[in-house]
Amino acid sequence: MLSVLVVTFPFFALVLCGYLAARGGVLPQPAIPGLNAFVLYFALPCMLYRFGASTPIGQLLDPAVAGVYLLCALVMVGGTVALTRNARTGWNDAAFGALVAAFPNTGFMGVPLLVALLGAQSAGPVILTVLLDMVITTSLCIALSRLDGAGTHGVAVALKNALRGMATNPMPWSIALGALASALQFTLPVPVEKTVAMLADAASPVALFTIGAVLARSQMNQHEQVLVRDYVPIALAKLLVHPLLVWAVGRAAIAVGVPLTPFALTVLVLLAALPSASNVSLLAERFGAHNGRIARIILVSTALAFLSFSGAVALLT
């Protein structure tokens with residue numbers, strides 16, 4: 001366990017640094033969107049491209065990995081919506097609660113953390129799950145969120161807008177370009193490659209610092225009371241139920257002959273054990289969901305993940 005904490009501690013410590021910097025006023029709130037933009041549009045796409053380009057195309061397009069992970073994501077979404085939608089929680093809040101329960105913080109945290117823990121061979125499954133969550137899981141939850149007072153046309157429009165939003169996100173395109181470079185065995189010119197490498201190396205520390213700052217900003221800007229039962233169970237489901245579900249489905253898939261390797265299953269379980277994706281808070285705010293609840297789920301899952309994720313790593317590796 002100590003050897004695991006040696007690897008995981010710096011990642012969560014950087015999140016804490018960003019949180020304390022924003023809470024203490026060292027990092028002004030107006031500066032946080034600039035950090036987010038740097039990570040989203042420059043550093044993280046370069047890191048994803050570099051991993052994609054250096055990963056065999058077969059690992060980036062593994063149907064067994066995609067099938068197991070996507071099935072579990074759909075179960076998490078359906079189960080969370082079924083258990084949380086009630087007279088107080090409509091489709092909008094239930095759908096974004098489901099998204100935050102099913103969408104791990106893979107891009108900002110998962111890629112660098114799992115590569116550090118398991119090696120570069122883990123990049124393929126990780127990148128594939130990023131694509132699935134951004135395109136399918138997110139679009140589905142946004143469409144479900146529009147069921148409050150909307151007919152079929154409203155849902156269709158919401159889904160179209162969600163797909164348009166995914167199309168303008170640089171992360172899927174960087175993954176696609178990396179996969180194409182891998183398939184063609186293309187290498188960038190040396191000066192361009194070094195520039196990409198510098199931006200890629202900056203992605204992990206800046207992204208983790210930004211996660212902390214975003215969490216602090218969300219907490220500072222939300223003043224309404226949120227019942228503990230409205231956010232703690234979902235945070236626990238993200239950290240405990242999601243990885244256990246992936247492990248159970250993955251083991252069953254292997255038992256019936258699905259070509260899923262034990263290593264790929266370990267990667268998927270650890271991905272599911274990550275805290276909730278911080279960008280869900282931005283989506284919830286954009287679509288008018290109860291962002292205070294979503295921000296608390298992300299904050300609690302991130303804080304508890306230091307122990308729960310480290311424990312999962314110790315058990316599986």
Does K238 reach the main-chain N or O of L274 with its side chain, forming a donor-acceptor pair under 3.5 Å?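 Between the backbone of L274 and the side chain of K238 there is a qualifying donor-acceptor contact (under 3.5 Å).
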Please name the pair of heavy atoms, one in [X] and one in [Y], separated by the smallest distance, quoted to 0.1 Å.
X: T137; Y: A102; value: CG2-CB, 4.3 Å
X: L239; Y: S308; value: CD1-OG, 3.8 Å
X: F11; Y: A116; value: CZ-CB, 4.0 Å
X: P125; Y: V267; value: CB-CG1, 3.9 Å
X: A123; Y: T55; value: CB-OG1, 4.0 Å
X: L140; Y: L74; value: CD2-CD2, 3.6 Å

Side chains of [X] and [Y], heavy atoms from C-beta outward: is any pair under 4.5 Å?
X: H290; Y: I294; answer: no
X: L117; Y: T317; answer: no
X: L113; Y: F309; answer: yes
X: P233; Y: V228; answer: no
X: R217; Y: V214; answer: yes
X: I234; Y: R293; answer: yes
X: L227; Y: R88; answer: yes
X: D201; Y: R50; answer: yes

Please say whether more than 12 non-hydrogen atoms of neighbouring residues, nucleotides or ligands are located less than 6.0 Å from CZ in F263.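 Yes - once you tally the heavy atoms of other residues, nucleotides and ligands closer than 6.0 Å, there are more than 12.
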Do [X] and [Y] belong to the same hydrophobic cluster, where Ile, Leu, Val, Met, Phe, Trp and Tyr are linked whenever their side-chain heavy atoms lie under 4.5 Å apart, directly or via other members?
X: Y69; Y: L244; value: no
X: L304; Y: L315; value: no
X: V26; Y: V15; value: no
X: Y49; Y: F38; value: no
X: L177; Y: L61; value: no

What do the steps show when you test R23 against L215 for side-chain contact (heavy atoms from CB on, under 4.5 Å), and what is the final call? CA-CA 10 Å; R23 288 288 295 185; L215 291 176; over 6 Å; no
Starting at [atom1] of [X], measure out to [atom2] of [Y] and round the result to the nearest 0.5 Å.
X: L128; Y: I175; atom1: CG; atom2: CD1; value: 8.5 Å
X: I298; Y: N105; atom1: CD1; atom2: CG; value: 8.0 Å
X: L270; Y: T106; atom1: CG; atom2: OG1; value: 11.5 Å
X: I211; Y: S278; atom1: CD1; atom2: OG; value: 5.0 Å
X: L180; Y: I57; atom1: CG; atom2: CD1; value: 8.0 Å
X: H242; Y: L236; atom1: NE2; atom2: CG; value: 15.0 Å

Assess, by modelled atom type and distance only, whether the side chains of T89 and D93 contain a donor and an acceptor separated by less than 3.5 Å.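 Side chains of T89 and D93: no pair found under 3.5 Å.
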Pair S310, T8: side-chain N/O donor-acceptor within cut-off below 3.5 Å: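 The criterion, which ignores hydrogens and geometry beyond distance, is satisfied for T8 and S310.
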For the pair C141 and F103, evaluate side-chain contact (heavy atoms from CB on, under 4.5 Å) and give the outcome as yes or no after the intermediate values. CA-CA 11 Å; C141 289; F103 193 168; over 6 Å; no
In terms of ring plane angle, is the pair F12 and F306 parallel, tilted or perpendicular, where the classes change at 30° and 60°?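 Perpendicular.
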Residues that W91 engages under side-chain contact (heavy atoms from CB on, under 4.5 Å), provided they are two or more places apart: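 Result, side-chain contact (heavy atoms from CB on, under 4.5 Å) vs W91: V81, R85, L144, L147, D148.
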How far apart are the C-alpha atoms of V241 and M76, what are their side-chain angles, what is the distance that settles it, and do they pass the side-chain contact (heavy atoms from CB on, under 4.5 Å) test? CA-CA 9 Å; V241 177; M76 287 297 297; 4.1 Å; yes
Going through the checks in order, is the side-chain contact (heavy atoms from CB on, under 4.5 Å) test met by L35 and L27? CA-CA 10 Å; L35 285 176; L27 178 68; 3.8 Å; yes
Testing V68, V75, I254 for side chain to side chain contact (heavy atoms under 4.5 Å, CB included) with V249, which one passes?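 Only match with V249 under side chain to side chain contact (heavy atoms under 4.5 Å, CB included): V68.
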